[in-house]
Amino acid sequence: MCARYVFFSGRSFGDEFGVVAVPDLQPRYNIAPTQIVPAVIQTEKSREVMLFQWGLVPSWAKDPTIGSRLINAKAETLAEKPAFRTAFKRRRCLIPADGFYEWKGEKGAKQPFFISCKHHPFAFAGLWEYWEGVEGVLQTCTIITTNANGLVQEVHDRMPVILAPDEYDIWMDHAIAPARLEPLLDPFPEKEMTMHPVGKMVGNPRVDDPSLIEAVATGGLFGEAP
DNA sequence: CCAGACGTTGTT
DNA sequence: GTCTGG
DNA sequence: CCAGACGTTGTT
DNA sequence: GTCTGG
């Protein structure tokens, strides 16, 4: 899955993502569900960055707190699930990131790992949704997950879908045939990724500083590379 | 027909 | 909004 | 994912 | 133990 991630590159991702105006974004090292995150969407004329609450709330939801449990959407079932299928057809987005965290081990003794791509920032494949209720208006998003590749498999069986730059145009094309989207949801190549254990402080969502992504020693436990 | 669900992950 | 279950 | 709350009544 | 919030 993907329940915490990192995005510290701020404005600098605009060129690569084909976005003209990028808001000033603070570097983040511990983005948690329900927080406000930037995502790139395709309008009729251009690509724009908009801010979304992480955790998709379907337009028909009576209780918007369901969003806190819909932080990920499974790639294999996106097209069928009522909560996601409309967004999959019409509201795909790119969610910029510099890495993400996964945990390995038993409850109470979990070791967090920071996982990144050799070329970053990069983009998660995401969906977004619009919701309106008595509580107000919400624009929310979710990160699509797929099977872990060989590297990430060491700590977890799922990982976020990461798109290569040459896939952005297809992903953002509103007229594309769904069959052409499926190959984009495959696991990102492990040879283009890196992973190392980090301190347990990342578990606290109120902590957010650069030291969170620094490697720590684990005494050879958890099976990471020496 | 109406009522009720609609989701992912990890853990048990 | 749309499908499933009763 | 983890952290933190989780409640009612009566009194000020 | 289980739900909510971040």
Side-chain angles (χ1 to χ4, degrees), chain A residues 1-7 26-38 51-92 95 97-116 124-133 135-148 152-161 178 185 187 195-209 211-213 216 222:
Chain A
M1 79 181 295
C2 178
R4 300 290 179 87
Y5 74 97
V6 171
F7 179 52
Q26 289 297 115
R28 294 292 311 274
Y29 298 87
N30 196 5
I31 299 171
T34 73
Q35 295 180 350
I36 303 300
V37 301
L51 299 177
F52 296 88
Q53 182 172 300
W54 183 15
L56 188 140
V57 179
S59 61
W60 39 259
K62 293 186 184 80
D63 180 4
T65 61
I66 190 176
S68 65
R69 298 186 298 284
L70 301 184
I71 63 171
N72 294 133
K74 201 173 181 180
E76 296 90 326
T77 56
L78 274 180
E80 293 81 37
K81 294 293 185 182
F84 299 129
R85 58 191 170 195
T86 311
F88 180 55
K89 281 184 206 157
R90 300 201 282 272
R91 287 182 293 277
R92 297 183 294 274
I95 301 176
D98 287 290
F100 60 97
Y101 299 103
E102 297 287 358
W103 279 255
K104 176 182 185 173
E106 300 304 310
K107 191 172 151 185
K110 288 198 173 187
Q111 174 62 48
F113 289 78
F114 177 66
I115 302 161
S116 186
F124 294 134
L127 307 175
W128 66 276
E129 190 53 89
Y130 179 86
W131 182 89
E132 198 172 348
E135 294 90 337
V137 165
L138 288 176
Q139 289 171 124
T140 60
C141 68
T142 191
I143 295 172
I144 299 171
T145 63
T146 188
N147 288 316
V152 178
Q153 187 82 58
E154 294 173 32
V155 305
H156 201 75
D157 62 346
R158 304 288 294 174
M159 63 181 258
V161 170
L185 302 175
M195 179 168 78
H196 62 247
V198 295
K200 296 197 170 75
M201 198 74 81
V202 68
N204 186 338
R206 289 172 304 186
V207 178
D208 184 351
D209 70 70
S211 68
L212 294 179
I213 66 172
V216 300
F222 302 109

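Chain identifiers are assigned alphabetically (A, B, ...) following the order of the sequence lines, protein sequences preceding nucleic acid strands; residue numbering begins at 1 within each chain.
- Taking the six-membered ring where tryptophan is involved, the planes of A:Phe124 and A:Tyr5 are perpendicular, since the angle between them exceeds 60° and thus also 30°.
- Taking atom C1' in both B:dC6 and D:dT8, one finds a spacing of 35 Å when rounded to whole Å.
- Contact annotation: A:Arg69 side-chain N/O to B:dT9 OP1/OP2 distance is not under 4.0 Å.
- The shortest side-chain heavy-atom distance between A:Ile115 and A:Phe100 falls under the 4.5 Å cut-off.
- D:dC1 atom C1' lies 13 Å from atom CG of A:Leu212, rounded to whole Å.
- Side-chain atoms of A:Thr140 and A:Phe52, non-hydrogen and from C-beta on, never get closer than 4.5 Å to each other.
- Which of D:dA3, D:dC1, B:dT8 sits closest to the side chain of A:Ile71 comes down to D:dC1.
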Which dot-bracket notation, 5' to 3', represents the base pairing of DNA chain B when pairs are defined as Watson-Crick or G-U with both distances under 3.5 Å, crossing pairs as [ ], and inter-strand pairs as |?
||||||......

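- In this structure, the CG atom of A:Asn72 is 7 Å from the C1' atom of B:dT8, given to the nearest Å.
- Separating the CH2 atom of A:Trp131 from the C1' atom of B:dG7 is a distance of 17 Å, rounded to the nearest angstrom.
- Put simply, the side chain of A:Tyr101 reaches to within 4.5 Å of the side chain of A:Leu212, judged on heavy atoms.
- In this structure the side chain of A:Val207 never reaches within 4.5 angstrom of the side chain of A:Tyr29, judged on heavy atoms.
- When side chains are defined from C-beta on, A:Leu70 counts as touching A:Pro58, because their heavy atoms get closer than 4.5 Å.
- Distance check on atom P: E:dC3 versus D:dG7 gives 12 Å, rounded to whole Å.
- Remark: P of B:dT8 and CG of A:Asn147 are 14 Å apart, rounded to the nearest angstrom.
- Between the side-chain ring of A:Tyr101 and the base of D:dC1, no stacking contact exists by the 5.5 Å and 30° definition.
- Taking A:Arg91 as the reference, A:Thr86, A:Ala87, A:Trp128, A:Glu129 meet the side chain to side chain contact (heavy atoms under 4.5 Å, CB included) condition, with sequence neighbours excluded.
- The shortest distance between the side-chain N/O atoms of A:Thr142 and the OP1/OP2 oxygens of B:dT8 is not below 4.0 Å.
- For the pair A:Leu51/A:Gln139, no side-chain contact is recorded, criterion being any heavy-atom separation below 4.5 Å from C-beta on.
- Residues A:Leu185 and A:Leu78 are in side-chain contact: their nearest non-hydrogen atoms beyond the backbone lie under 4.5 Å apart.
- Across A:Thr34 and A:Ser68, no two heavy atoms sit closer than the pair CG2-CB, 4.1 Å.
- As rounded to the nearest Å, B:dT9 and E:dT2 have C1' atoms that lie 16 Å from one another.
- As rounded to the nearest Å, D:dC1 and B:dT11 have C1' atoms that lie 14 Å from one another.
- Nucleic acid contact class of A:Ser59 (heavy atoms, under 4.0 Å, all strands): none.
- Rounded to a whole Å, the CD atom of A:Glu129 is 13 Å from the C1' atom of B:dC6.
- In this model, the phosphate group of B:dT11 is approached by a side-chain N or O of A:Lys110 to a distance below 4.0 Å at OP1 or OP2.
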I'd like a table of atom pairs between the protein and nucleotides 3-6 of chain C - only N or O on both sides, under 3.5 Å - with the distance next to each one.
none

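- Around CD of A:Gln26, the count of heavy atoms belonging to other residues, nucleotides or ligands within 6.0 Å does not exceed 12.
- Heavy atoms of A:Pro33 sit under 4.0 angstrom from at least one base atom.
- When each of A:Lys62 and A:Asp157 is assigned the nucleotide of DNA chain B bearing its nearest heavy atom, the one mapping closer to the 5' terminus is A:Lys62.
- Proximity note for A:Trp60 (side chain, C-beta onward) versus C:dG1, B:dT8, D:dA3: the nearest is C:dG1.
- Among the heavy atoms of the strands lying under 4.0 Å from A:Thr34 is at least one base atom, whether or not backbone atoms are also near.
- Rounded to whole Å, the distance from CG on A:Asp208 to P on D:dC2 is 17 Å.
- Distance CG (A:Asp63) to P (B:dA5): 12 Å, rounded to an integer number of Å.
- Between A:Ile31 atom CD1 and D:dC2 atom P the separation is 18 Å, expressed in whole Å.
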